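All of these numbers come straight from a predicted model, not from anything done at the bench.
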Amino acid sequence: MEIEFFDYHLGTKKYLYFLYYEIGEYSFHSPISEEVAESNTELEIQEIDENFKTHGSKIEGLLSMQFVKKVLELLQSEDYTIVNLE
């Protein structure tokens, strides 16, 4: 995903990248660097509109940051297999 901002003072565009993921009925996003976004060739970079929203949960129901970091590390290592149970 890509969010585009325009810096009026410098006249240059800035891009922010996020890893967007869904777990069950919830969706989350986490900032990532441009290098990580572009090095993951299996992940499509999509431009999002200004009304982009994720649907989370109360903090008591969220995943721990440690778990999320481990999942991100696993994805970045490219040493995983996706299993489709459907």
Side-chain angles (χ1 to χ4, degrees):
M1 276 186 209
E2 181 176 357
I3 298 178
E4 183 176 332
F5 292 95
F6 188 77
D7 187 330
Y8 292 98
H9 299 291
L10 301 176
T12 60
K13 290 184 178 182
K14 293 183 180 182
Y15 297 92
L16 299 177
Y17 295 85
F18 297 89
L19 176 63
Y20 172 83
Y21 51 99
E22 295 178 353
I23 300 175
E25 63 189 49
Y26 302 106
S27 58
F28 304 91
H29 66 284
S30 177
I32 59 175
S33 69
E34 180 177 3
E35 293 80 21
V36 169
E38 292 182 351
S39 69
N40 268 314
T41 57
E42 296 197 23
L43 298 178
E44 182 181 350
I45 296 177
Q46 297 180 350
E47 192 169 324
I48 57 176
D49 63 27
E50 60 189 41
N51 296 322
F52 173 73
K53 293 180 183 175
T54 55
H55 305 284
S57 181
K58 292 183 180 179
I59 194 164
E60 299 84 23
L62 297 177
L63 300 170
S64 72
M65 282 303 298
Q66 293 87 349
F67 175 79
V68 173
K69 286 182 181 181
K70 290 286 184 186
V71 171
L72 290 175
E73 288 172 5
L74 181 61
L75 290 172
Q76 291 170 349
S77 76
E78 298 182 4
D79 185 24
Y80 60 89
T81 302
I82 296 176
V83 178
N84 187 352
L85 299 176
E86 293 183 65

Asks: Less than 4.5 Å apart, side chain to side chain, heavy atoms only: is that true for V36 and L19?
Replies: no
Asks: Should V68 and I82 be regarded as members of a common hydrophobic cluster, given that ILVMFWY residues are connected when their side-chain heavy atoms come within less than 4.5 Å of each other, either directly or indirectly?
Replies: yes
Asks: Looking at every heavy atom in both L74 and D79, which two are closest together, and how far apart are they?
Replies: CD1-O, 3.4 Å
Asks: For a quick test of reading the model, state the closest non-hydrogen atom pair linking Y17 to A37 and the distance between them.
Replies: CD2-CB, 3.6 Å
